[in-house]
Number of protein chains: 2
Amino acid sequence: MRFPKLFERLATLAPLPPEEWVKAEAVAKEQALEKRELFLRPGDAADRFAVVLQGVFRGVRVSPRGGESIKAFRAEGELIGAYAEMLQRRPSMTAIEALEPSRVLVFQARDFQTLEQGHVCWERLARRVAEQHFLLKERREQEFLELSAEERLVNFWEEHPHLKGRIPQRDVAAYLGITEVGLSRIVSRRRKRTPA
Amino acid sequence: MRFPKLFERLATLAPLPPEEWVKAEAVAKEQALEKRELFLRPGDAADRFAVVLQGVFRGVRVSPRGGESIKAFRAEGELIGAYAEMLQRRPSMTAIEALEPSRVLVFQARDFQTLEQGHVCWERLARRVAEQHFLLKERREQEFLELSAEERLVNFWEEHPHLKGRIPQRDVAAYLGITEVGLSRIVSRRRKRTPA
DNA sequence: CCTGCGCCTTAACCCAGGTCAAGCCAGGGT
DNA sequence: ACCCTGGCTTGACCTGGGTTAAGGCGCAGG
């Protein structure tokens with residue numbers, strides 16, 4: 001077993017026999033990415049995903065009008081991949097970019113399907129993953145429905161303290177659905193109110 | 001088999017043997033709701049869900065500050081229930097209310113668990129459901145990130161033409177994340193631009 | 001028939017955040 | 001030392017939508 005810590009983490013989502021994990025490791029490949037390098041680019045087939053071993057990624061959607069918005073940040077232990085497009089078997093609409101020099105453990109979707117056919121545990125895990133992703137999106141929906149940009153910012157840092165200092169402010173803005181300029185104003189407003 | 005059409009619909013999501021469906025029907029109960037009646041109220045245990053046979057429902061979240069926002073509308077053939085809370089085994093934070101006299105087919109979560117243990121098909125179905133819910137939320141996230149309220153409105157009617165005339169405008173506003181007043185302005189603005 | 005209620009509209013005013021444009025600052029390359 | 005370049009800030013101005021409050025309209029009940 002090359003990645004026992006990863007195994008433990010996944011096993012918290014759904015029961016996962018160690019021997020199955022060993023099979024998974026056998027088909028997975030490690031990949032290193034430099035800062036700014038893309039794990040996935042828009043238009044690519046969404047046929048692979050990965051677990052982050054080291055580093056931070058951003059999932060960027062470039063809208064038809066050219067605006068960039070950020071769907072998620074992903075750090076150590078989390079999954080990267082164009083999940084929605086994979087489910088729909090469509091080409092990726094998103095870019096996934098390393099914000100730091102990073103290492104990931106890559107799985108091909110078809111290899112994973114083979115694992116699924118070999119043991120139900122993988123199917124259960126996939127279900128858990130779907131449910132977790134749903135919960136994340138639902139929380140975000142809630143924030144857009146009830147909170148101002150400033151409140152969303154506060155929430156963001158409460159929920160992702162480990163990203164502090166690792167992501168540029170403009171990306172936080174694109175994640176919150178506002179502009180770089182808007183975010184800068186919010187931050188300076190708060191600085192004035194709390195001169196601490 | 002009491003509801004063959006429902007069976008067909010579910011079977012499009014994941015393979016589902018008819019005999020399993022018969023078992024499911026055996027534990028399901030039909031329930032009729034009047035207009036304004038609640039299928040679920042905030043604070044209730046999220047231990048049941050249902051398929052809409054007839055009518056329309058709205059999922060309302062009452063925020064701490066008292067604002068109402070609408071998470072979803074659900075019509076014939078769709079699922080109602082506090083899905084997020086069920087996954088987390090928490091009491092419901094949402095109310096689910098009939099907007100018309102309605103009929104639903106109710107399942108207890110524990111009965112469904114029994115079905116899952118009896119045959120993998122239910123687990124696969126549950127996975128598909130989770131994935132579909134994820135896709136819906138992701139689409140909505142996208143809209144909040146890239147679109148103005150007016151564009152979201154247009155999208156809404158394109159995606160839910162069957163709801164036309166069945167839901168009050170204020171609810172559409174609460175779904176879009178704006179106020180009744182704001183929506184009214186948007187609508188009249190558009191009327192002027194397209195005097196059709 | 002009037003009354004009240006539910007739902008929608010309109011108007012006046014306000015403010016958060018967008019847009020455009022001009023800097024600022026730090027770090028890297030030459 | 002120089003100048004880029006990338007990332008952040010600031011200012012002036014504009015606009016979409018919030019807030020409050022005042023009607024309007026249709027319909028159910030008395």
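Chain identifiers are assigned alphabetically (A, B, ...) following the order of the sequence lines, protein sequences preceding nucleic acid strands; residue numbering begins at 1 within each chain. This structure is a prediction, so every number in the text was calculated from the model and none was measured.
- Rounded to the nearest 0.5 angstrom, A/Leu176 CG and A/Glu151 CD are separated by 12.0 Å.
- Side chain of B/Arg103 to backbone of B/Leu53: no donor-acceptor contact under 3.5 angstrom is found.
- What separates CG of A/Leu183 from C1' of C/dT19 is a distance of 16 Å, to the nearest Å.
- The distance between atom CZ of B/Arg189 and atom C1' of D/dG16, rounded to the nearest whole Å, is 7 Å.
- Residue-environment remark: CZ (B/Arg189) exceeds the threshold of 12 foreign heavy atoms within 6.0 Å.
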So which protein N/O to nucleotides 11-13 of chain C N/O distances come out below 3.5 Å?
unit_1, atom_1, unit_2, atom_2, d
C/dA12, N6, B/Arg185, NH1, 3.1

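- A/Thr94 contributes no side-chain N or O that, together with a main-chain N or O of A/Ser92, makes up a donor-acceptor pair within less than 3.5 Å.
- In this model, the phosphate group of D/dT19 is not approached by any side-chain N or O of B/Thr179 to a distance below 4.0 Å at OP1 or OP2.
- Per the geometry, CZ belonging to A/Arg191 stands 11 Å off C1' belonging to D/dT10, to the nearest Å.
- The nearest whole Å value for the distance from the CZ atom in A/Arg152 to the C1' atom in C/dA16 is 11 Å.
- Within 6.0 Å of CZ on B/Arg110 lie no more than 12 heavy atoms contributed by other residues, nucleotides or ligands.
- A salt bridge does not link A/Arg124 to A/Glu20: none of the charged side-chain nitrogens sits closer than 4.0 Å to a carboxylate oxygen.
- Distance CD1 (A/Ile178) to P (D/dC8): 13 Å, rounded to an integer number of Å.
- The CD atom of B/Glu150 sits 13 Å away from the P atom of D/dG18 (whole-angstrom rounding).
- Rounding to whole angstrom units, CG of residue B/Leu153 and P of D/dG16 are separated by 15 Å.
- Open room surrounds CE on A/Met93; 12 or fewer heavy atoms of other groups in view lie less than 6.0 Å from it.
- Whole-Å rounding puts the A/Leu147 CG to D/dG18 P distance at 14 Å.
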Quick one: which protein N/O atoms are closer than 3.5 Å to N/O atoms of nucleotides 5-7 of chain C? Pair and distance per line, please.
unit_1, atom_1, unit_2, atom_2, d
C/dC7, OP2, B/Arg170, NH1, 3.0

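- Using a cutoff of 4.0 Å between basic side-chain nitrogens and carboxylate oxygens, A/Glu141 and A/Lys137 are not scored as salt-bridged.
- B/Gln54 places no side-chain N or O within 3.5 Å of a backbone atom of B/Val104 that could act as its donor or acceptor partner.
- Around atom CZ of A/Arg2, more than 12 heavy atoms belonging to other residues, nucleotides or ligands sit under 6.0 Å away.
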Please list, pair by pair, any protein nitrogen or oxygen found under 3.5 Å from a nitrogen or oxygen in nucleotides 26-28 of chain D.
none

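- Remark: the backbone N or O of A/Val52 is not paired with any side-chain donor or acceptor of A/Arg74 at under 3.5 angstrom.
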